[in-house]
Number of protein chains: 2
Amino acid sequence: MAEVSIDDVAKAAGVHRSTVSRAFSKPDAVRAATREHVLRVAAELGYSMNPLAQALRRGSSNLVPLIVPDMTNPFFAELARTTAAAAEARGYQLMLCITNGDTGQTADYVSAMHSMYSPFGIVAPSTRVNLEALRRYAFQNRVVVIDRVEDDPAVPTVTVDSARGIDLAFDHLLGLGHANIAYAPGIVGTYTAQDRWDAYHHAAERHGIPPVVLEAAPGADPGPGIVDHWMREPNRPTAVIASNDLIAFAVISELGARGLTVPADLSVIGFDGLDLGAQFSPRLTSVRQPITDLGRIAIELGEALIAGGPPDHLVLEPSLLIRSSTQELRP
Amino acid sequence: MAEVSIDDVAKAAGVHRSTVSRAFSKPDAVRAATREHVLRVAAELGYSMNPLAQALRRGSSNLVPLIVPDMTNPFFAELARTTAAAAEARGYQLMLCITNGDTGQTADYVSAMHSMYSPFGIVAPSTRVNLEALRRYAFQNRVVVIDRVEDDPAVPTVTVDSARGIDLAFDHLLGLGHANIAYAPGIVGTYTAQDRWDAYHHAAERHGIPPVVLEAAPGADPGPGIVDHWMREPNRPTAVIASNDLIAFAVISELGARGLTVPADLSVIGFDGLDLGAQFSPRLTSVRQPITDLGRIAIELGEALIAGGPPDHLVLEPSLLIRSSTQELRP
DNA sequence: ACGATTGCTGAGATCGATTGCAATCGAAGA
DNA sequence: TCTTCGATTGCAATCGATCTCAGCAATCGT
């Protein structure tokens, strides 16, 4: 019941603490017989090493913080899950930190991670603002970013190719006969959001389609704003690309509330490819981000970082997840 | 850049480390002038206390683990958010642990929390199984449970009144003219799931309604199984109560895939009252759990626990969130 | 004016582990 | 048989903080 320390085990096993320590952390440095004896005694006493003390002495721990802005967005939830799995598989203990988009909190977490002797940390930023705070620490801590950091090649990053994703969406919609394709941005401020926005304009231009951006008032529920905007369009688009799945959900929901149906009245394609989209009504067609790879690679980049390798900047390929929220245009 | 320790600050300020320590942790015990001087020097050096060392020496930290089975379920995501907020407001640092329903992991986390000197931990269990592992630790650690623990009154708990929630759903549906109300269970094994199941049967019996439970094969995607079951019913129910919002989503989605619409062909009511339900199509009517209170109260129970008070067992009241997935029965 | 009290600060042990260095021991090599 | 070497193990310093105890000054009561 009381905490059993390394000295208790040492005493019970009749050896010195250092032997116990070695039996656990460097098994080769101790005679096999001794080691087994120590381990057995330790097991009997229900001993397990205190990670805090260990981290303090060693100057390194296995706690890897994953800093995300908002767990309510299922994208981050899925990211957290896969990253946690990847982390655990490599012996790290993932610790999830939610910032609620608060710049100060992100800085706090990164600095806390510093004093926790984390080998490295992973940040999935929401707004560009908080990256500034991050950079102050990036040089002294080891940080991996999902998304990107402003012009700072020293920070390893992993991203999904937004332009390619938007192209995929365009090709799909074009193939379905749509020629009037709008874009519904959601949150703004991140690099990814900006990329998707830009990619939409480029793609529209390339295909000779007049770009229509369905903006909603910031802060408010985005659905109504976007749909209002859409209905006001003189030449009403027949398809819309949402900047992420949540926005797509909101649009479809609002459309339904007004008696319109998807995809009959409007084809909607999301961006994320969440599992949750398969439970939506209609099942959401979406550009799928390889979230599992994102998590795994973030961990790998972290390991590369502590190994002293050069910072990588990986770009992953999205793919298309065709479900039921898009359909062929029928005039 | 290098880690600045308490001794560095002490030297720079020309005082002993104990004075620096006191300046931070018990401001009254040090002269105002000295304290300010120390604090200023510390700020200049960019010093911040090392929580590990502090926890090690003090034998207590402010790290509160929140152990959840699955972040992919938005219920837990919302719970995590509100609990994190409540924790932070009280000076705790919430650390999220995802078990993926793995019994062993839950035990690991609880034991890790032990050696992290956490004041207490919060567990939101998914299956009843892992509660056994929990109990082995509960007596030596301080654990608060959201949901309940088998016959163990020593563990404080906070729950939502499932029976009341089901009643609310029944009353709503009955008021809409429905007389044939089915139940769609989801995950099983938790106390809450069992409660809702029982409550459904009681309510059905009380209202003279033949109970219809729409079970799906475990493991698989629940939507198709539930809908299949529903269609096979000789006397097809006109309304269904889902055991949680995710199940409701799945049912509605599957219905949509088969060309049926909600609420025209079937009224569906969920259980959770997630914000996400408002983005669903149709907007989901649901029994709302007071998730914010759940998180806050879990923290408060934890504090009561370390204060040495008797373990409480709180039961919160759900409420009805009427949106668009239910409608009056039209014969 | 003198012993007692109060307020503030310094010394040093301590939390639970790791690790470089020294000591020990048996066996191989000369 | 004596030296040397490698494999083990013990010793003690150390990581960065907290906390009890003691010392010392200024203040208080009478």
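Numbers restart at 1 for each chain; the letters A, B, ... are given by sequence-line order, proteins then strands.
As a whole-Å value, the separation of H37(B) NE2 from dC8(C) P is 17 Å. Summarising the geometry, the separation between CZ on R35(B) and C1' on dG7(C) is reported as 13 Å, rounded to the nearest angstrom.
Between the R22(B) side chain and the A29(B) main chain, no donor and acceptor come within less than 3.5 Å of each other. T19(A) places no side-chain N or O within 3.5 Å of a backbone atom of V15(A) that could act as its donor or acceptor partner.
With hydrogens and angles left out, the side-chain atoms of D272(A) and Q289(A) include a donor and acceptor closer than 3.5 Å.
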(request) Summarise how protein sits on nucleotides 17-27 of chain C as a single string, 5' to 3': B when a protein heavy atom is under 4.0 Å from the base, S for sugar-phosphate-only contact, - for no contact. (result) BBBB-------
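Residue L56(A) places its side chain closer to dG16(D) than to any other of dG16(D), dC15(C), dT9(C).
When each of V68(B), I67(B), D147(B) is checked for a side-chain contact (heavy atoms from CB on, under 4.5 Å) with V123(B), only I67(B) meets the rule.
The residue A29(B) sits close to a base: some heavy atom pair falls under 4.0 Å.
Residues N62(B) and G91(B) come closest through the heavy atom pair ND2-O, 3.1 Å. Closest approach of T82(B) to G295(B), counting heavy atoms only: OG1-CA, 4.1 Å.
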